[in-house]
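What follows is a short report on a single structure.
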Amino acid sequence: MPLIKEGVLAEDNWQSLADEDNLVDGPIVVSLERWQEERESLLARNTPLGLRLRSDQSPALVVDDLERFSVVALEFPKFADGRAYSYARLLRDRYGFKGEVRAVGHVFRDQFLLMQRCGFDAFEVADPAAVEAWEQAVSEISVTYQPGADARRPALALRRSRPAVA
Amino acid sequence: MYRYDEFDHTLVSERVHQFRDQVERRLAGELTEDQFKPLRLMNGLYLQLHAYMLRVAVPYGTLSSTQMRKLAFVARRYDKGYGHFTTRQNIQFNWPKLEETPDILAELAEVEMHAIQTSGNCIRNTTSDQFAGAAADEIEDPRVYCEIIRQWSTLHPEFTFLPRKFKIAVTGADHDRAAVRVHDIGLQMCRNEAGEVGFEVIVGGGLGRTPVIGQTIREFLPKQHLLSYLEAILRVYNQLGRRDNLYKARIKILVRSEGIESFSRMVEEEWSHIKDSALQLPLDEIARIENYFAAPRYEHLDDNVREFEVKRFEDREFASWVRTNVTAHKQPGYAVATISLKPVGKPPGDASAWQMDAVADLAESYSFSEIRVTHEQNLVLAHVKKADLYALWLGLRDLELATPNAGLLSDMIACPGLDYCNLANARSIPVAQRISERFSDLERQHDIGALKIKISGCINACGHHHVGHIGLLGVDKKGEEFYQITLGGSADENTAIGKIVGPAFSYDDVVGAVEDIVDTYLEYRTDGEEFNDTYRRVGLAPFKEKLYAAH
Ligand code: SF4
């Protein structure tokens, strides 16, 4: 599946394993259940590890282990399921997670801006055309009214920092 | 009134471009209807029974004359010459063409209007007291905070895909005209012991198929923490609200299943982390917004206006309009005028393009160019000199907008119902029309006094039937339209959900049933009692007896 990072098509070094898949060499992403069951053996491998959370699994469940993961993949089982937006904010703002936060599942261009604002920085898309749409999708609305997990400055901050007009 | 600065302008016009691009992708077949649906809904565009419907936001119900003229223009140019004001203080156009909707939005953007978040599972238009800024019992103008909430909630990246739609209402007055206890979040401005102004926060109210009265989650929230507290509530709801069942997805269900204590603990815990973040409102930002809502330049007048009293004495029709449609203003010599959009036999809330233009003119002449839309689907001119009321009334009469029925029986709320809405079980508007024809004698309505009849075409309760003194709910009985009647509901500070009186009535019989209920009330009421007073005293029994003995 095409992966967008920093606005361009990126190589995906990660293999996302289903729970019944055998472990493979190299960086892998596992489910929360697998992490909980095979924690010691996964750690013993000494290869980068990623965690995949369903939309009913909050990162709050793994706060103490977060530093062991280089990637947290948050699932969008459908377009309208917006829980992972909050999870991404928690990962970034609350738990200070510095690794990759990846959007997987139903990920479309019309969500890129929202996702980026909530702290996602990697996007698995089904439609390769979404890659070309990236630039427009994250820039077509330039004003933000709320502080987010991204670097955009909200209107309030910009208003306060501009010189007063008489 | 709030005026856009460059940031607001930029956002709204970029949003128009974005939507134009989405519509083009749809028309070119790059987007399927399924993919397009969530996108169009985020811009207020619904697909209804016969056509698209565009719902335009009127933030907290306040419009300028310029904006009203633009709505008239849109009605004329892109619709069939009229618009429909809704119970959410918005306006709907029922016949736009898909390919023209970006142009409509571009027209609206010119006058600082948009259709953002008028549908979809996001934070909707924040509603408020239609008498804001004019009411004598007001602590502060609630629209200041509505505007602050409007900005914060606009394209909020985290809360665009909530479990369900989310409605916030704010009132600054003791008498609640904004129905804050039946919203997902209600904010009631209040003072703490130190005399500081803040909010009582109410959560989990709502109508729909499971009507619930909201509960207080925080007795006093200081102003500067408004947004962080809202964000905390929304964040808890976004994660824990049910997504498996459309009918259990509103926050009221979550609050009820968690219990208010436990829900409140989760919110407070979340809040403790973000309370002192960038969400904190600087006092100078509050002051900046307050400036926009500063009182208009009132003249210093005596509250006793002779020419007004004389006209009232001379002209009985005028006097009767004043009695129902004119309310006290906090400024001496001024009054608040309600323009009824409920003439006998017409769909509640409809206004034609020429009426909109003319109201814009009247507002310009008599009310500082400002108009309010009420959740009871009327319009309000909030700052009229008493000395001008007669001239205003004459103007309204020429427009067929001087029906003296504000607050009376024929000032009904009715949802679009089966005439427009594909979820409906039954017609709403024709029932409202028939009731207003049955009671067309205004003398009789004045005798009956204040009475709220509310009609919904199905259990989704867009007509707020649960909180009507008399509520009518359209139900389907073997393919026929029937109406279940509830009594005793109320949306003000004494919020109550109406009780079902008994078996439903057919389309033909329902108007007679309403008349029986009104007659029973008249028979039992004692001096000064309003409908709900009598109802609470005598209970359902006498109404039942009358209804089911006679039918
Ligand atoms: S109450 Fe039902 S019929 Fe009426 S507008 Fe709402 S969904 Fe449609």
Side-chain angles (χ1 to χ4, degrees), chain A residues 55-60 76-90 92-95 106 108-120 127 129-130 133 136-150 152-160 162 164-165, chain B residues 5-15 17-19 21-22 25 30-31 34-39 41-42 120-122 148 150-163 227-228 231 234-241 243-244 270 273-274 277-282 284-285 288:
Chain A
S55 69
D56 60 351
Q57 296 173 327
S58 164
F76 288 83
K78 51 185 183 187
F79 190 78
D81 186 339
R83 282 176 277 194
Y85 293 102
S86 287
Y87 299 156
R89 298 268 337 240
L90 290 179
R92 296 299 191 203
D93 302 353
R94 182 76 34 85
Y95 310 135
H106 284 229
F108 301 100
R109 59 178 276 186
D110 301 287
Q111 299 152 302
F112 288 163
L113 178 62
L114 305 174
M115 288 176 170
Q116 193 185 47
R117 295 220 59 221
C118 288
F120 287 94
D127 178 8
Q136 191 191 337
V138 294
S139 63
E140 60 193 352
I141 306 283
S142 65
V143 176
T144 66
Y145 282 127
Q146 328 67 11
D150 59 345
R152 289 180 180 82
R153 293 185 71 200
L156 174 58
L158 295 170
R159 279 170 179 145
R160 282 162 64 82
R162 75 186 161 185
V165 274
Chain B
D5 67 6
E6 68 266 35
F7 299 103
D8 308 301
H9 272 295
T10 304
L11 184 137
V12 169
S13 70
E14 286 176 341
R15 181 71 167 179
H17 286 145
Q18 183 187 43
F19 188 59
D21 176 60
Q22 290 164 348
R25 278 153 61 204
E30 290 170 39
L31 289 173
D34 264 6
Q35 291 169 319
F36 181 56
K37 187 177 170 192
L39 305 177
L41 283 181
M42 278 185 255
N121 292 337
C122 51
I148 287 169
R150 183 191 74 81
Q151 296 192 20
W152 162 78
S153 63
T154 296
L155 308 190
H156 197 299
E158 189 178 341
F159 305 135
T160 297
F161 296 98
L162 296 168
L227 296 184
S228 57
E231 189 140 318
L234 266 299
R235 184 167 287 164
V236 170
Y237 169 59
N238 188 41
Q239 295 176 79
L240 300 181
R243 290 173 187 267
D244 58 333
E270 178 58 41
H273 296 286
I274 58 177
S277 70
L279 284 166
Q280 193 171 146
L281 279 169
D284 60 87
E285 173 64 7
R288 186 182 77 88

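By convention in this document, chain letters (A, B, ...) are assigned in the order of the sequence lines, proteins followed by strands, and residues within each chain are numbered from 1.
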Would you mind checking which part of [X] comes under 4.5 Å of any heavy atom in chain B, side chain (CB onward), backbone (N, CA, C, O), both or neither?
X: A/D56; result: neither
X: A/R152; result: neither
X: A/Y87; result: side chain
X: A/Q136; result: side chain
X: A/L90; result: side chain
X: A/E140; result: both

- When you measure from the side chain of B/E14 to the backbone N and O of A/S142, does any donor-acceptor pair fall under 3.5 Å? yes
- Message: Quick one: does any side-chain atom of A/R83 pair with a main-chain N or O of A/S55 as donor and acceptor, under 3.5 Å?
- Response: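 It does hold such a pair.
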Please look at [X] and chain A and tell me whether the side chain, the backbone, both or neither of the residue comes under 4.5 angstrom of a heavy atom of that chain.
X: B/E231; result: side chain
X: B/T154; result: both
X: B/D21; result: side chain
X: B/H156; result: both
X: B/N238; result: both

- Nearest non-hydrogen partners of A/R92 and A/C118, listed with the distance: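 Minimum heavy-atom separation between A/R92 and A/C118: CG-O, 4.3 Å.
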- What are the two closest heavy atoms between B/L11 and A/V143, and how far apart are they? CD1-O, 3.5 Å
- Item | Among A/L158, A/L156, A/I141, residue most engaged with chain B (heavy-atom pairs, under 4.5 Å) |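 Most heavy-atom pairs within the cutoff with chain B belong to A/I141.
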- May I ask you to name which of A/Q111, A/R160, A/R117, A/R94 has the most heavy-atom pairs under 4.5 Å with chain B? A/R94
Is the shortest side-chain heavy-atom distance between [X] and [Y] below 4.5 Å?
X: A/P77; Y: A/H106; result: no
X: A/F108; Y: A/D127; result: no
X: B/R25; Y: B/Q35; result: no

- Choice from B/E30, B/E158, B/R235 maximising heavy atom contacts with chain A below 4.5 Å: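 Among B/E30, B/E158, B/R235, the one with the most close pairs to chain A is B/E158.
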- Message: Please identify, among B/L162, B/L279, B/L39, the residue contributing the most non-hydrogen atom pairs under 4.5 Å to chain A.
- Response: B/L39
- Task: Take B/R15 and B/Q18 through the test side chain to side chain donor-acceptor pair (under 3.5 Å) and record every step on the way to the result.
- Result: CA-CA 5 Å; B/R15 181 71 167 179; B/Q18 183 187 43; 3.0 Å; yes
- Classify the ring geometry between A/F120 and A/F76 as parallel (under 30°), tilted (30 to 60°) or perpendicular (over 60°).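 Plane angle between 30° and 60°, so tilted.
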- Message: Any salt bridge linking B/D8 with B/R150? Criterion: basic side-chain nitrogen under 4.0 Å from a carboxylate oxygen.
- Response: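 A salt bridge is present here (some side-chain N lies under 4.0 Å from a carboxylate O).
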